[in-house]
Amino acid sequence: MKTRTRFAPSPTGYMHIGNLRTALYEYLIAKAQGGDFILRIEDTDQKRYVEGATEIIYNTLKTVGMNWDEGPDIGGNYGPYVQSERKNLYAPYAHKLVELGGAHYCFCGEREEQVDEDGNEIICKFEDPCKRIPLEEAKKRVAAGEPYVIRQTINKSGKSKYEDKVYGIIEIDYDELDEGVLLKSDGFPTYNFANVIDDHLMEITHVVRGNEYLPSTPKYNLMYDTFGWQRPVYVHLPTVMKDAQHKLSKRNGDASFQDLVAKGYLPEAIINYIALLGWNPGTEEEIFSIAELEKIFSVDRLNKSPAIFDIVKLTWMNGIYIRALDIAKFHELALPYYKDIPSHVELKALSRALQPRIETLAQIPEQIDFVIALPNYSVDLYINKKMKTDVEVAKANLPEIKKVLEAQDEWNNESLFESLKALAEQLGVKNGQILYPARIALSGKETTPGGATELAVILGKAESLKRIDAAIAKLG
RNA sequence: GGUCCCAUCGUCUAAUGGUUAGGACAUCACCCUUUCACGGUGGUAAUAUGGGUUCGAAUCCCGUUGGGAUCACCA
């Protein structure tokens, strides 16, 4: 049988990292076995629907290259792929389940507050009195227009048992399972019901989801069994944590995929990083494209313990991806961060200097502020022990540097470096005693993206000479 | 609280009864060097805890501790 997995998000807002990782594993499980990856929108809770949320889901999946084989926008043989459009499909199954004894009509009405301590009000959930109403009578009340919901009936005792691909055998006592609502009074199914019906009708072979569903899975199995349907293979995933105590969640303002992209992280790096959060290839390699992951992914190597999302390691990995970019591509990505740059600046040279030095694109502005305007720096910057240079050295050498630069025709890194090195030799001083003061004069900063000659190329000849002049004046 | 799940360096993880417990990030030191990076070399750093089983346990079993999940007409 062809492997089919689905990503079934609710359109409730941004795509957070845990969600994206779940989608990724669903995608990879399907693709590793030559199967299909289906996108299904679960919008049965009308109250939580957020406008534009489905577009975010589409865009995110497309950006990272997780192309779905069937979905709301492209259709498929198992549509529709939006649960609200499937609304009329669920009720008949719910009524059928009642006939089969797996569910019952419940007229308890909505409970405002449930009483915990010795109150009798929570009995509806575990031992619903409505399930003792004779079916014929219940049907009459339904036909008469009395409001009702359909609840799951759990009459079994003993232990339920199933196998999960990650966690192994899970046994839960039937007494622990609540008789939850399957069909709401508004006629919509709950997740508990809709996912079973849809996964069956869409012939989903592997149900992949967060491990918060581990305890409720026996309820779904009961339904599969009652309908006489084959249970799917279960793959429950450990949680992605923010720290040892807290789950990563959008509500707490934790980074979403789009937040990370906005902060200058590359989608490829994000995918690579989250693939390794709870899974490993069994080798010591860490850098994988999604296409490579499709080839080597296997559920056997999925981990069961929760993993903490480490932005520091993601940042390192992002740096790897940035450095691997060809310079034209990097330049294109960097361009939006080049704001307020004067026209004399050589942007290509700037990109070349930046690429090996940054780990996220968002680090660009802090690196290039000196290009926009020379900071009002302290002359103490000219003091550097290792370079054997100080204010006096700068004062003596800067006018010589100026002469060389003025005479320089070929304004590129190699030629400039050769010329200044020659100057050092001619003056009988160390390279650093020329290059260090030059760099400070050009940038006014202690650390810069590149050495003196690289900065000169970035700034251009006119601006460079202007800054050297300013430095000479400053030193007095 | 009941139930379920989890537990190797600070973090992500490898080692499916026998390894000097390996790698990566971070961190520290050194090298390279035209500042800073990049790159290179090396160091610090872990089997939560107590019992078993076994010739031998990170690995299997039980308890303890710690953490997470779940118990909605949310998904």
Side-chain angles (χ1 to χ4, degrees), chain A residues 8-10 12 42-45 47-48 83 106 108-111 114 116-117 122 125-126 149-151 164 166-168 170-173 175-178 180-186 188-192 194-195 209-218 236 238-239 241 243-247 273 276-287 300-301 303-317 319 323 353-359 367 381 384 386-387 413 416-417 420-421 424 431-432 434-436 438-440 443 445-455:
Chain A
S10 306
T12 55
E42 305 215 333
D43 60 347
T44 55
D45 185 9
K47 285 175 287 228
R48 294 212 306 168
Q83 283 185 336
C106 170
C108 290
E110 222 167 317
R111 308 262 147 173
Q114 297 186 339
D116 262 294
E117 307 293 320
I122 50 168
K125 221 170 56 184
F126 286 108
V149 299
I150 292 180
R151 269 183 196 279
D164 179 82
V166 175
Y167 289 96
I170 304 291
E171 286 187 78
I172 293 174
D173 209 297
D175 294 340
E176 291 295 323
L177 306 179
D178 57 339
V181 172
L182 266 23
L183 200 70
K184 301 188 246 184
S185 50
D186 64 2
F188 274 89
T190 59
Y191 166 84
N192 294 325
N195 92 83
R209 49 161 65 134
N211 70 3
E212 65 266 28
Y213 295 101
L214 226 34
S216 52
T217 297
H236 286 96
T239 320
M241 307 291 284
D243 55 47
Q245 271 79 36
H246 305 94
K247 200 172 162 170
Y273 176 70
L276 263 24
L277 256 192
W279 178 85
N280 76 82
T283 65
E284 288 181 350
E285 274 179 81
E286 297 196 284
I287 305 300
D300 309 334
R301 302 204 66 90
N303 246 31
K304 355 176 155 195
S305 41
I308 298 174
F309 179 83
D310 182 10
I311 190 83
V312 176
K313 184 149 186 179
L314 169 61
T315 303
W316 163 78
M317 194 172 272
R323 274 170 257 131
L354 251 19
Q355 190 178 15
R357 270 169 259 260
I358 56 169
E359 291 186 307
Q367 291 272 341
L381 279 188
N384 185 295
K386 199 176 150 209
M387 294 295 130
N413 192 43
L416 284 164
F417 188 56
L420 291 179
K421 221 169 86 176
N431 289 348
I434 297 297
L435 293 162
Y436 195 92
R439 190 178 62 79
I440 299 299
S443 67
K445 283 183 84 177
E446 189 173 3
T447 66
T448 53
T453 58
E454 286 166 275
L455 298 190

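To find a chain, count down the sequence lines: A is the first, B the second, and so on, and within it residues start at 1. Worth knowing before you read on, the calculation uses all heavy atoms, side chains too, and leaves out hydrogens, waters and symmetry mates.
Surrounding CD of A:Glu212 are more than 12 heavy atoms belonging to other residues, nucleotides or ligands, all under 6.0 Å away.
A distance of about 10 Å separates the P atoms of B:A48 and B:A7, rounded to the whole Å. Taking atom C1' on both B:C71 and B:G63, the two are 27 Å apart, rounded to the nearest angstrom. Separating the P atom of B:A24 from that of B:G43 is a span of 12 Å, rounded to the nearest Å. Across the C1' atoms, B:U19 and B:A14 are found 12 Å apart, a figure rounded to whole Å. Nucleotides B:C31 and B:G50 place their C1' atoms 48 Å apart, quoted to the nearest Å. Between the C1' atoms of B:C9 and B:G51, the separation comes to 26 Å (whole Å). Comparing B:C38 with B:G10, their C1' atoms are spaced 25 Å from each other, to the whole Å. The separation of B:U8 from B:A15, taken at their P atoms, amounts to 14 Å, rounded to a whole angstrom.
Contact of A:Tyr213 with B:A69 (side chain to base): no donor-acceptor pair of N or O atoms is detected under 3.5 Å. A donor-acceptor contact under 3.5 angstrom links the side-chain atoms of A:Thr448 to the base of B:U35. Counting atom types as modelled, A:Thr190 pairs no side-chain N or O with a base atom of B:C73 as donor and acceptor under 3.5 Å.
In a base pair of the Watson-Crick type (N1 to N3 plus N6-O4 or O6-N4) or a G-U wobble (N1-O2 and O6-N3), with each distance short of 3.5 Å, B:C74 is matched with no nucleotide. Pair assignment for B:A48: B:U64, on the basis of Watson-Crick or G-U wobble contacts that are both within less than 3.5 Å. Across all strands shown, B:C30 forms a Watson-Crick or G-U wobble pair with B:G40, both key distances being under 3.5 Å. Across every strand in view, B:U11 sits in a pair with B:A24 that passes the Watson-Crick or G-U test at under 3.5 angstrom. Taking a pair to require two hydrogen-bonding distances under 3.5 Å in either a Watson-Crick or a G-U wobble arrangement, B:U3 pairs with B:A69. The base-pairing partner of B:A57, taking Watson-Crick or G-U wobble contacts with both distances under 3.5 Å, does not exist among the strands shown.
Side-chain atoms of A:Arg439 do not come within 3.5 Å of backbone N or O of A:Gly451 as any donor-acceptor pair. Between the side chain of A:Tyr273 and the main chain of A:Thr315, no donor-acceptor pair closer than 3.5 Å is present. Checked by atom type and distance alone, the side chain of A:Ser443 pairs as donor or acceptor with a backbone atom of A:Lys445 at under 3.5 Å. A donor-acceptor distance shorter than 3.5 angstrom exists from the side chain of A:Asp173 to the backbone of A:Asp175, with no hydrogens or angles considered. For the pair A:Ser10 (side chain) and A:Thr12 (backbone), a donor-acceptor distance under 3.5 Å is absent.
Residues satisfying the side chain to side chain contact (heavy atoms under 4.5 Å, CB included) criterion with A:Ser216, sequence neighbours excluded, are A:Tyr213, A:Lys219, A:Tyr220. Remark: A:Ser305 pairs with A:Asn303 by the side chain to side chain contact (heavy atoms under 4.5 Å, CB included) rule, at least two apart or across chains. For A:Trp316, there are no ring-ring contact (aromatic ring centres under 6.0 Å, His included) partners, not counting sequence neighbours.
The separation between A:Glu454 atom CD and B:U34 atom P is 11 Å, rounded to whole Å. Rounded to an integer number of Å, the gap from CG of A:Leu354 to P of B:A37 is 15 Å. A straight line from CG of A:Leu182 to P of B:A75 spans 12 Å, rounded to a whole angstrom. As a whole-Å value, the separation of A:Gln83 CD from B:C74 C1' is 12 Å. Per the geometry, CD belonging to A:Gln355 stands 16 Å off C1' belonging to B:C36, to the nearest Å. When rounded to the nearest whole Å, the span between CG of A:Leu435 and C1' of B:U34 equals 5 Å. Atom CZ of A:Arg209 is separated from atom P of B:C74 by 18 Å (rounded to the nearest Å). Distance A:Glu284 CD to B:G22 P: 11 Å, rounded to the nearest Å.
Taking the charged nitrogens against the carboxylate oxygens, A:Glu42 and A:Arg209 have no contact shorter than 4.0 Å, which rules out a salt bridge.
Contact annotation for A:Met387: backbone-only contact, meaning every heavy-atom pair under 4.0 Å involves sugar-phosphate atoms and none involves a base. A:Val312 comes within contact range of the sugar-phosphate backbone alone, with a heavy-atom separation under 4.0 Å but no base atom that close. In this structure, A:Asn413 reaches the bases: a heavy-atom distance under 4.0 Å links it to at least one base atom across the strands shown. Counting non-hydrogen atoms under 4.0 angstrom, A:Gln245 reaches the backbone sugars and phosphates but no base. As judged by a 4.0 angstrom heavy-atom cut-off over every strand, A:Ala452 is placed among the base-contacting residues.
Here the side chain of A:Arg323 is nearest to one of B:C73, B:G39, B:A14, namely B:G39. Side-chain atoms of A:Trp316 lie closest to B:C25 of the nucleotides B:G22, B:U34, B:C25.
Looking at A:Leu435 and A:Thr453, their side chains come closer than 4.5 Å, going by heavy atoms from C-beta outward. Inter-residue side-chain proximity for A:Lys304 and A:Val166 is flagged as met; some heavy-atom pair is nearer than 4.5 Å.
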Sugar-phosphate means primed atoms, P, OP1 and OP2; the rest is base. With that split, encode nucleotides 1-13 of chain B 5' to 3' as B, S or - using protein heavy atoms under 4.0 Å. -BSSSSS---SBS
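Two residues, A:Asp186 and A:Met241, neighbour RNA chain B, and the one matched to the more 5' nucleotide by heavy-atom proximity is A:Met241. Across the interface with RNA chain B, nearest-nucleotide mapping of A:Gly450 and A:Thr44 shows A:Gly450 to be the residue nearer the 5′ end.
A:Asn280 and A:Gly282 make their closest contact through OD1-N, 2.8 Å (heavy atoms, listed as atom of the first residue, atom of the second, distance).
Rounding to the nearest 0.5 Å places OG1 of A:Thr239 at 11.5 Å from CG of A:Leu277. Atom-to-atom distance recorded for A:Thr44:OG1 and A:Lys184:NZ is 4.5 Å, nearest 0.5 angstrom.
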With 3.5 Å as the limit, what N/O pairs link the protein to nucleotides 57-64 of chain B?
none

N/O to N/O distances under 3.5 Å, protein versus nucleotides 29-33 of chain B:
| from | atom 1 | to | atom 2 | distance (Å) |
| --- | --- | --- | --- | --- |
| B:U33 | O4 | A:Lys386 | NZ | 3.2 |

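The phosphate of B:A75 (OP1 or OP2) has a side-chain N or O of A:Lys184 nearer than 4.0 angstrom. For the pair A:Arg301 and B:A15, the criterion of a side-chain N or O lying under 4.0 Å from OP1 or OP2 is met.
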